[in-house]
Number of protein chains: 2
Amino acid sequence: MSTNHGTPPRAATQGARARARQEVTAAIKDEARRQLAADGPAKLSLRAVARELGMVSSALYRYFASRDELLTALIIDAYDSLGVAAERAEEAFREAGEDVTPARRWVVVCQAVRAWAQEHRHEYALIYGSPVPGYTAPSSTVQPASRVGLLLIRIVREAYEDKGVALPPLPDGLRPEGERIAADIAPDLPPAVMVALVAAWAQLYGLIGFELFGQFNRVVDDDQREPFFAQAAAQLAHGVGLVK
Amino acid sequence: MSTNHGTPPRAATQGARARARQEVTAAIKDEARRQLAADGPAKLSLRAVARELGMVSSALYRYFASRDELLTALIIDAYDSLGVAAERAEEAFREAGEDVTPARRWVVVCQAVRAWAQEHRHEYALIYGSPVPGYTAPSSTVQPASRVGLLLIRIVREAYEDKGVALPPLPDGLRPEGERIAADIAPDLPPAVMVALVAAWAQLYGLIGFELFGQFNRVVDDDQREPFFAQAAAQLAHGVGLVK
DNA sequence: GTCTATAACGAGATAGAC
DNA sequence: GTCTATCTCGTTATAGAC
């Protein structure tokens, strides 16, 4: 209701404050990510972050109420960063590409996830690695965590609308669960597709995690991992019914 | 050169010592596994293990030269325990089962791995979860780590010998790598089979890890996870060319 | 030879008084 | 916000019991 004529106007003052707060928040998270890379999430300590930033530990509590809350912020940031990377890659491919088939879009998304994981291995470990002892993720992480999954669903859905999806029917025992998953997430897709999609989604992270965490070390040559992954991702696309 | 007539004979004496040593070693590892479950591998502490056992920390060094060596022992034990579980399940199925097809044997092994992972979630996290910060596994872990993989290869090989494997050829770019993997691990199998096998192997752990680490929480119903997994494992079998 | 206990070092975290 | 006293940790040196 009150207008503001003064200098500096209230909006600017609040803006400046908000900006400062945002900068400190960002600095805290950056330093926390550095410690994540060095010592892993289990040893993340508010005190150490504060020390490194030249602050006193109590000052940090103005920005994050607890270590767990800082962890949650890092997790949400990681999911969002991964989601944005995947979405951008898919969009760029769709806009620039010739030969845009659903299967190719699927592979592009898989490759984007793999690339992000390799550029952010510690954040990847944070969200898809072992759970942090003593920490349980709050429900605010659920939505960011689903971004990549929803993108994959969108690709399959559009292929399905164009009749570009072909899958054998589900075994009877799984039909009800397939219907439930579909009802929850993508009511327009048949149960068999949803079940295959959830499996492919998990399998994608098996491929990426094995490579990232060294399980391929004496198995797949370093310079062959990219084509190997592309082949496996294409097989996953086939597994959810996307035709070549 | 000196013979021993006394009682107890040397063999028994050594046996007793060796047995005592083995018992203490086992107690140390048991307590370490307990701490693994409570605080994760990053916080595993020799001192805490010693304290809990009523020993003094320096005494532990008679059994493990360092904290990392204790970790290595736990890792090797976990791989071996998992390998034995998978091998036993497969053997039991082969001996008792009617309808023993390669695809069914494959699914049985996958289910055994999943069951072991759920009964030993912290050991599973140790070997297939995020790497432990500051620890790099020595080469002595490589052989135990390959037990399950070799079992899966054996199943596919026997199916291949019976012409029970059908796979499309590899894309040209991956053929050399497929040949290299085959030459290293299973020279009698064609490159396309080996590439598909390595991918399926990684994907299996994606399924298991997602379920274990909570990624399926709002996606697959608790009581439907077993049939869901069985279906996915059967699809993996199909992916390596095992026919129904 | 094999084991355990004492003591210590250097580094880091933590709690609380000020 | 600072300082200090008190913890933990991995690891080693040493001495003595069996």
Side-chain angles (χ1 to χ4, degrees), chain A residues 20-21 23-25 27-28 31-71 74 122 132-135, chain B residues 1-76 122 126 131-138:
Chain A
R21 187 180 170 80
E23 271 166 27
V24 177
T25 306
I28 293 171
E31 175 57 31
R33 274 185 279 263
R34 274 204 43 250
Q35 296 197 13
L36 215 62
D39 300 324
K43 287 189 181 166
L44 178 64
S45 120
L46 281 186
R47 282 185 111 97
V49 171
R51 194 184 324 127
E52 217 66 21
L53 291 176
M55 305 171 74
V56 95
S57 64
S58 56
L60 275 200
Y61 286 86
R62 296 198 151 272
Y63 298 87
F64 296 96
S66 66
R67 185 202 80 128
D68 282 7
E69 202 172 277
L70 174 55
L71 255 187
L74 296 178
H122 300 101
V132 184
Y135 171 84
Chain B
M1 302 305 167
S2 79
T3 55
N4 48 344
H5 304 276
T7 331
R10 180 188 282 172
T13 306
Q14 285 183 343
R17 279 216 188 118
R19 207 177 316 124
R21 186 179 172 81
Q22 222 178 5
E23 269 167 28
V24 177
T25 305
I28 293 171
K29 293 199 286 192
D30 281 349
E31 177 56 32
R33 274 185 278 263
R34 273 205 44 251
Q35 295 198 10
L36 216 61
D39 300 323
K43 288 191 180 164
L44 178 64
S45 129
L46 280 188
R47 282 188 117 108
V49 171
R51 196 182 322 124
E52 216 66 22
L53 291 176
M55 303 171 77
V56 91
S57 70
S58 59
L60 278 201
Y61 284 81
R62 288 274 148 194
Y63 299 87
F64 297 97
S66 67
R67 190 200 80 124
D68 282 8
E69 201 172 278
L70 174 55
L71 254 189
T72 299
L74 297 178
I75 289 173
I76 290 177
H122 300 101
L126 179 65
V132 184
Y135 170 84
T136 48

Note to self: Just N and O in the side chain of Arg17(B): are any of them under 4.0 Å from OP1 or OP2 of dG1(C)?
What the structure shows: no
Looking only at dG10(D), dT11(D), dC3(C), the nucleotide nearest the Arg62(B) side chain is dC3(C)
Mind checking Ala20(B) for me? I need base, sugar-phosphate or nothing, with any heavy atom below 4.0 Å counting as a touch. nothing
Output for pair (Phe64(A) CZ, Leu46(A) CG), nearest 0.5 Å, gives 9.0 Å
How would you label the contact of Leu44(B) with the nucleic acid (heavy atoms, under 4.0 Å): base, sugar-phosphate, or nothing?
sugar-phosphate
request  = Report yes if at least one side-chain N or O of Ser58(B) is closer than 4.0 Å to OP1 or OP2 of dA5(C); otherwise report no.
outcome  = no
Per atom distances to the Val56(A) side chain, the nearest of dG1(D), dT12(D), dC9(D) is dG1(D)
Testing dG1(D), dA5(C), dG10(D) for proximity to the side chain of Ala59(A), the answer is dG1(D)
- prompt: Think Tyr61(B) has a side-chain N or O under 4.0 angstrom from the OP1 or OP2 of dT11(D)?
  reply: yes
Among the nucleotides dT11(D), dT4(C), dC9(D), whichever has the atom closest to the side chain of Arg67(B) is dT11(D)
Out of dA7(C), dT14(C), dG10(D), minimum distance to the side chain of Arg47(A) belongs to dT14(C)
Could you tell me if the side chain of His122(B) sits less than 4.5 Å from the side chain of Leu126(B), heavy atoms only?
no
